[in-house]
Protein chains: 2
Amino acid sequence: MLDPINGRIVDARPVTAAEISPLDRLAPELAGGWRTATEYVEAILKAAILDGRLPGGTALRQEELAARFGVSRMPVREALRQLEAQALVDMLPHRGAVVTAISAADAADGYAIRRALEVAALRLSIPNLTAAQRAEAATLIAAMDSEPDAGRLGQLNRRFHLALYAAAGHARMLQLVEQELSAFDRYLRFHLAAHGRGEMAQHDHRAMLDAADRGEVEAAVAVLERHLDQAAATIARFFRGRGG
Amino acid sequence: MLDPINGRIVDARPVTAAEISPLDRLAPELAGGWRTATEYVEAILKAAILDGRLPGGTALRQEELAARFGVSRMPVREALRQLEAQALVDMLPHRGAVVTAISAADAADGYAIRRALEVAALRLSIPNLTAAQRAEAATLIAAMDSEPDAGRLGQLNRRFHLALYAAAGHARMLQLVEQELSAFDRYLRFHLAAHGRGEMAQHDHRAMLDAADRGEVEAAVAVLERHLDQAAATIARFFRGRGG
DNA sequence: CGGCCGTTGATTGGATCCAACATTACGCTA
DNA sequence: TAGCGTAATGTTGGATCCAATCAACGGCCG
């Protein structure tokens, strides 16, 4: 394993037993509500990829994963297919699966997608937001203030954004937004490293919610666009700084 | 099989042998460039769903499909997983796969996604379009004028739009656009039925290309937005008219 | 007569086995 | 010694078999 950021093929470094099944293994159904082994494998692999335990370029050997998860190769194969469709792994026929590399270009891509979709979702959602939904968003902002763990912070951020868009209707659009927000978690660590604790982001979050409370669609959209553009610029700067 | 549009569960009506393997079966590698049975099954099923031969609500029995394709159940299973990730089939654990229903809400969802993503892609692409790419787009417009078959017309329309966005960079964004454009094919027949032959659409296509030729980004964006909004309205009217 | 429960059939999820492909290493030849 | 062809090996793709689950049917009991 050479570099956790660039996309070179590195030696397979699957998650260790301690990482993947502290207690999940004992009661898989209860722990995560998984109904099939495929869902279980997919959920664990996805989490491991998104939080960086499986860096870009890691080769994913089916047999090795199957052994660690305590299942046969088949659920692993199906889980890998699902992850491929989510652009988290690349599969080549007869050559196996590799964790998708992250890069400055991919980050810019993700931000462009988010900018387009989230602005549209926000426009559609604000006029229909209920008081309960706005309160939920406010709760999530408060929770982010006192959350030290980067992983949970990413989840809270994701839930906040989705809460704001929840009234947009358009289930498939929201699903795409959620997917992109999840993918963004892979870059969150760099964002935090380059940007302290993101006090600015919290300011933007509050501004967006305030605008939503007042029903000022365009004001909220403007904040969101600036929010995303600044985040994109931060990531781009980070990659430039390290020659990515 | 009751209604090809609404989403009620209907009897399984898989593609017939004549539909799925006229000669593809004889030389699968050459015919479509498929490298694995899974790719083959996925491509055929996807085409059948998109062009309406497998209407929404059709139950997809693994064994039945496997028999018709001349393969075992496993490639079918993996292909269904891929299609599920593309929102073309719904899979429920232990209960099988069903072709995703189409509806007014789903159509509106798709248009909202397209409006957001394609506008963004067009903005990014126009400044970087090469003369060759613009010529390609012009060729596709001309081809659409003299294409009677609805299926091929949809493909040409897809290629035209993608040609306009090709210079946007952002591979993943373009991939999403392509996916949505493909999904749109399911609604194209209704669009044509309700709207004659779409003379208006061709007018918009030419206007977009002209604006792109002159580098007028905002003019092209305005046409695209109107183009999509009108198409969305046509589909909505169609569904309203038939009580959908 | 109606609702609940166990049983049966059909279908999918998972495991194991075999075949096909890709990569690598090796040896032969020019 | 460099290059090519071939064989060996490891990995994935596909087939078959078994287990688990769901839906439907029928019988039993209230």
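Basis for what follows: all heavy atoms, side chains included, without hydrogens, waters or symmetry-related copies. By convention in this document, chain letters (A, B, ...) are assigned in the order of the sequence lines, proteins followed by strands, and residues within each chain are numbered from 1.
Extent of DNA chain C lying under 4.0 Å from chain A heavy atoms, first and last nucleotide in 5' to 3' order, is C:dG13 to C:dT23.
Look at CZ on B:Arg73: it is 12 Å from C1' on D:dA19, rounded to the nearest Å. Between B:Glu63 atom CD and D:dC18 atom C1' the separation is 14 Å, expressed in whole Å. Atoms CD (A:Glu64) and C1' (D:dT12) sit 15 Å apart, rounded to a whole Å.
Between the side chains of A:His161 and A:Tyr165, at least one donor N or O lies within less than 3.5 Å of an accepting N or O. In summary, the side chains of B:Thr130 and B:Gln133 do present a donor paired with an acceptor at a separation below 3.5 Å, with no hydrogens or angles considered. Inspection of the A:Lys46 and A:Gln82 side chains reveals no N or O donor paired with an N or O acceptor under 3.5 Å. Side-chain atoms of A:Glu147 and A:Gln155 form no donor-acceptor pair, as typed in the model, at a separation below 3.5 Å.
Residue A:Arg114 places its CZ atom among more than 12 non-hydrogen atoms of other residues, nucleotides or ligands, all under 6.0 Å distant.
Comparing B:Pro93 and B:Thr38 against DNA chain D, the residue whose closest nucleotide sits nearer the 5' end is B:Thr38.
A cation-pi geometry, defined here as NZ or CZ lying under 6.0 Å from the six-membered ring centre and within 45° of its normal, does not hold between A:Arg158 and A:Phe184.
Note: A:Tyr40 and A:Phe69 have perpendicular aromatic rings, judged against thresholds of 30 and 60 degrees for the angle between ring planes.
Listed by residue number, the members of residues 74-87 of chain B with any heavy atom below 4.0 angstrom from DNA chain C are B:Met74, B:Arg77.
For the atom pair B:Leu80 CG and B:Arg73 CZ, the distance stands at 10.5 Å (nearest 0.5 Å).
Phosphate proximity of D:dA23 to B:Arg95: present, with a side-chain N or O under 4.0 Å from OP1 or OP2.
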